[in-house]
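Take a look at the structure below.
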Amino acid sequence: MSDRGHRPGAVGPDRAGGRLRLGILSDIHANLEALDAALAFCQEQEVSEYLCLGDIVGYGADPDLCVERIRGLRCRAVAGNHDYAVVNRTSVKTFNEPARQAIYWTRERITAETREFLESLELVEAYRSFLLVHASPSGPGNWDYVLSLADAELEFSAFSEPACLVGHTHVPLAVRRHDYRSRAQRIVEPEFEIAANARYLINCGSVGQPRDGDPRLCVVLFDTRTNLMSFHRLSYDVGTAQRKIISAGLPVILAQRLSQGY
Ligand code: ZN
């Protein structure tokens, strides 16, 4: 973990007058076609820094190339359960059968550099006023799923930063809470301001295996000048990602689910 700690104030710019656009990527799952489409979009949007919320590998057929892309971004990144399972830093006991098979497949194929990078990832990182954790701030290594507004509300006592960014469920979710006495509220707009008088728990969805019924990849942008956080859904070459999974001998269900978004 690096420089974690409370950072008071809004998530505003810290370079005088400078504008910084952040690209936030989660749950890539070795889907190179989705990752490259997300990165091309980020480039178009003049993103200059990235955050990665874990599960770079697992399920898909391109673990090495996806890790290489993320390493190349030199971004703040946390470990997901699949990243740690591949390098034996967490158990596969709770994984379902296709997920477990994909972990075994990945373990056998990745390069030493990929393994070293996955091993080096921490469970929690901080970046500016964001806390980054793959699953939940209340138990980063327990891999619990924060799915509902009620789940999210409980998590607010587990972090002190203005905003906590998570992944893991592959379902986008944004929750705002004004203070400890008020109830948390779900934010339904795809673009919203990170206000100085509130705190946020934001699930950034999944680049490589969306599960909210929308098969398009999900990428989140944050603009430090406007303090706007925005969710973007984009089509990508699902067919190629599916063909690679099948010809790699990975479970067919892992290909099928990509076109259905579950
Ligand atoms: Zn995942």
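Start at 1 and go down the list; that is how both ligands and their atoms are numbered.
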> If we ignore angles and hydrogens, is there a donor and acceptor under 3.5 Å between the side chains of Thr94 and Trp143?
Replying inline: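 Not at all, the side chains of Thr94 and Trp143 share no donor-acceptor pair under 3.5 Å.
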> Do NZ/NE/NH1/NH2 and the carboxylate oxygens of Lys244 and Glu33 come within less than 4.0 Å?
Replying inline: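 Answer for the salt bridge query: yes.
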> Do NZ/NE/NH1/NH2 and the carboxylate oxygens of Asp64 and Arg109 come within less than 4.0 Å?
Replying inline: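 Here Asp64 does not pair with Arg109 in a salt bridge, since their nearest N and O are not under 4.0 Å apart.
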> Do you see an N/O/S atom of His170, backbone or side chain, under 2.8 Å from the Zn ion (ligand 1)?
Replying inline: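 Checking His170: at least one N, O or S atom is under 2.8 Å.
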> By atom name, which N, O or S atom of Asp27 is the nearest to the Zn ion (ligand 1)?
Replying inline: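 This residue's closest N, O or S atom turns out to be OD1.
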>> If I take the Zn ion (ligand 1) as the centre, what angle separates the OD2 atom of Asp55 from the NE2 atom of His29? Nearest 10 degrees is fine.
In response: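 OD2 of Asp55 and NE2 of His29 make an angle of 90° at the Zn ion (ligand 1), to the nearest 10°.
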>> Does any part of the side chain of Glu68, heavy atoms only, come nearer than 4.5 Å to the side chain of Phe117, both counted from C-beta?
In response: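 No; the side chains remain at least 4.5 Å from each other.
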